[in-house]
Each structure stands twice: as C-alpha cells, then as structure tokens.
Amino acid sequence: MSFPNLQQPPSTELAGQVLIVEDNLINQAFLSTLLRKYGISNAVVNNGLEAVNFLKTETVDLVLMDIQMPVMDGLMATRMIREQLQLTVPIVAVTSNPEFDAWPRCLAAGMNDFLSKPVQKRRLEAVLQRFLPEKEQKPPVIDRAYLEEMTGGSSELLNELIDFFKNELPNNRQALFDALEQQNREEFDRVAHRFRSSLNSIAMLGLAAELKKLERNPALPDDEIREKLTILFGEIAVGLKTLDEVDNR
C-alpha cells in the first residue's frame, strides 16, 4: 500500500483552524506552538470523545488525531465523526505505531492522511499545505505597473499627482464623514465617486475598488461604513508613504 507524499514543505501562507486531539501534554504543546508559529489558529482536546463533542458545535479545517487515547481512541472518534456527525473535515492520524501497521486501519476508519511520531516539522508542513486553505493575499496598495503607465516614469508628473491628491485629501475625508454623520447617502455616494477617481489617478486601484463597494449600498449600516472608511484612510496613508519612497529613489 502506498503512503501519501508528505515530503514537500508549504510554498504559500496558510489559514484555517486546526483541532489537535491528543492526550499527551507535551505533544499538545509541541503541535500547538508549531501551528501558531505558522500563523494557524488551533484548539486542543484530550481524547476522541472530546473531539466528537467539539465538532458537534464547532467548525475546523483540519483534525490532527492521535490514535491511542483514553476514554475514546482516534479510530473510534473518526468513525463517529464520519458516520454520526456526517462530517468530511480532513482527519490526519498521528501515531507512534509503525506506518505499515497503522495506516490501513486509519484509512478504513475514514482518515485522510498519516503522520508518525515523533512528528517531523517538514512532514507536518506538507500535511498543512495539502489540507488547509491559502491565506487571501491582499493586493498591494500601489499598482506599480499602472503607476508607470500613468506617469511614463516621470518624477515630475508623479509629484504633481501626489501633491494634488494630498491637497484634496483632507476635504474628501471630511466630506465623506460629514455625509455619514448627516445620514446623507446621496452626498456620500457623490463624494465617494469623485474620490475614487483621485485614488485611481495615483494607482491606488484596490482602495478605489473598496470604496466603490461602499457606494449605493443601502444594506450597509452607517457605523459599518464609518469603520471601513477609517481602515481605508489608514491604507491611503500607507500608500502615500510608498509613493514617497518610489519618488525618492
């Protein structure tokens, strides 16, 4: 019987929630600490029964399941997760048993993959790469290709665009927040539409797209729009700093 290829380390940043099912405190700490270093959130339970109860109310992206545990072992817990809870969450066996002995039983119980103890960092990384979703990558604040196209590489033109944007920025910010304060969505949409053109002119295309989502959107409450605007203007400040660095090269 062939075994899953666990040799390739992850090449992208990962997200998601992992459930660690392990009765050994040292192993719990090792796995939990390693996952946090990868930026992956995790929860820990002590045996299979706790895992089944946890998954009745919580959603995770991956389960790292020890095999030999008190109260309920990993094989029984996996069968209950598959048959009673009807969950398809990936479950990876973690056991000190020899692979040739453990893997067929793990597969029959409904597990998706296999890690042997002591868990090797490289093998764990490969499992995470296989089963966890990738983090959504935010686009850069400044679209440099668009900026080059707009300015033709001219520092003088770039300076003019930046100066114009900076001069208008306080007025645009005030107008947007004032419109929200006055609950005047028509005025908010008008100012936002105009301000989007300014954002596009200095290659903040992603932020212009975010602002467009706030226009003509009656489903969004004012408080939520205000919060998103605050974040957006923070990103604008980052973008202006980036533009200054580009100009000073």
Side-chain angles (χ1 to χ4, degrees), residues 8-17 35-41 61 125 128-130 132-249:
Q8 296 300 319
S11 58
T12 56
E13 289 190 75
L14 302 173
Q17 169 85 357
L35 289 171
R36 286 198 301 270
K37 286 184 177 180
Y38 298 149
I40 299 169
S41 60
D61 299 283
E125 288 175 343
L128 299 177
Q129 174 71 50
R130 179 181 177 191
L132 292 183
E134 295 182 10
K135 283 186 178 178
E136 292 186 13
Q137 299 296 321
K138 292 181 63 176
V141 178
I142 303 298
D143 188 318
R144 292 177 181 265
Y146 184 79
L147 183 66
E148 180 70 21
E149 182 181 343
M150 286 285 293
T151 63
S154 170
S155 296
E156 183 179 353
L157 178 54
L158 176 59
N159 278 329
E160 290 180 5
L161 292 172
I162 293 173
D163 288 343
F164 179 81
F165 183 85
K166 285 181 176 179
N167 288 335
E168 292 295 318
L169 182 60
N171 292 334
N172 283 317
R173 180 187 177 101
Q174 189 66 45
L176 287 169
F177 281 101
D178 283 350
L180 285 178
E181 188 68 26
Q182 297 161 10
Q183 297 183 330
N184 188 340
R185 286 293 185 92
E186 183 177 347
E187 175 65 8
F188 177 87
D189 291 343
R190 186 187 69 80
V191 176
H193 181 79
R194 182 188 65 201
F195 187 42
R196 278 198 292 113
S197 297
S198 298
L199 288 169
N200 285 324
S201 72
I202 57 170
M204 295 189 189
L205 306 186
L207 298 185
E210 289 300 312
L211 182 57
K212 185 176 182 180
K213 295 177 184 177
L214 306 182
E215 290 180 45
R216 298 176 174 81
N217 193 342
L220 281 178
D222 289 348
D223 286 347
E224 185 173 344
I225 293 180
R226 189 176 292 105
E227 180 181 350
K228 291 180 181 295
L229 266 186
T230 301
I231 294 172
L232 183 136
F233 278 102
E235 293 291 324
I236 289 172
V238 173
L240 287 174
K241 184 178 179 180
T242 302
L243 285 173
D244 288 338
E245 292 170 354
V246 170
D247 188 42
N248 290 329
R249 288 178 181 175

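One distance of note links CG of D61 with CD1 of I40; it measures 9.5 Å at 0.5 Å rounding. Between the OG1 atom in T151 and the CD atom in E160 there is a gap of 11.0 Å [rounded to 0.5 Å]. N171 CG to L176 CG: the interatomic distance, rounded to the nearest 0.5 Å, is 11.0 Å. Atom CG of D143 sits about 12.0 Å away from atom CE of M204, to the nearest 0.5 Å. For the atom pair OG (S154) and CD (E148), the distance works out to 10.0 Å, reported to the nearest 0.5 Å.
For Q182, the CD atom sits in a packed shell: over 12 heavy atoms of surrounding residues, nucleotides or ligands are nearer than 6.0 Å.
Annotation: side chain of V141 is not in contact with side chain of T242 (no heavy-atom distance under 4.5 Å). The shortest distance between side-chain heavy atoms of K228 and K213 does not fall below 4.5 Å. Between Q17 and L35, every side-chain heavy-atom pair lies at or beyond the 4.5 Å cut-off. When side chains are defined from C-beta on, D222 does not count as touching F188, because their heavy atoms never get closer than 4.5 Å. Within the 4.5 Å cutoff, the side chain of N217 has no heavy atoms near those of the D189 side chain. Between L232 and L214, every side-chain heavy-atom pair lies at or beyond the 4.5 Å cut-off.
The pair D223-R226 meets the salt-bridge criterion, since a charged nitrogen lies less than 4.0 angstrom from a carboxylate oxygen.
Here the side chain of S41 pairs a donor or acceptor atom with the backbone of G16 at under 3.5 angstrom.
The shortest non-hydrogen separation linking L157 to M150 is CD2-O, 3.6 Å. For the residue pair A192 and L211, the shortest heavy atom distance occurs at O-CD2, 3.5 Å. N200 and Y146 make their closest contact through O-CE2, 3.1 Å (heavy atoms, listed as atom of the first residue, atom of the second, distance). Nearest heavy atoms, E187 versus A179: CG-CB, 4.0 Å.
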Next on the checklist: Between R196 and E215, is the side chain to side chain contact (heavy atoms under 4.5 Å, CB included) condition met? List the steps.
Outcome noted: CA-CA 10 Å; R196 278 198 292 113; E215 290 180 45; 2.4 Å; yes
Next on the checklist: Show, in sequence, the C-alpha distance, side-chain angles and deciding distance for L243 and L161, and conclude whether the side chain to side chain contact (heavy atoms under 4.5 Å, CB included) test is met.
Outcome noted: CA-CA 10 Å; L243 285 173; L161 292 172; over 6 Å; no
Next on the checklist: Using side chain to side chain donor-acceptor pair (under 3.5 Å), reason through R190 and H193 one step at a time and then give a plain yes or no.
Outcome noted: CA-CA 5 Å; R190 186 187 69 80; H193 181 79; over 6 Å; no
Item to check | Intermediate values then yes/no, side chain to side chain donor-acceptor pair (under 3.5 Å), D178 and Q174 | outcome: CA-CA 6 Å; D178 283 350; Q174 189 66 45; 2.9 Å; yes
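Using cut-offs of 30° and 60° for the angle between ring planes, the F233 and F177 rings count as tilted.
Among the candidates I236, I142, I202, the single residue satisfying the side-chain contact (heavy atoms from CB on, under 4.5 Å) test with L207 is I236.
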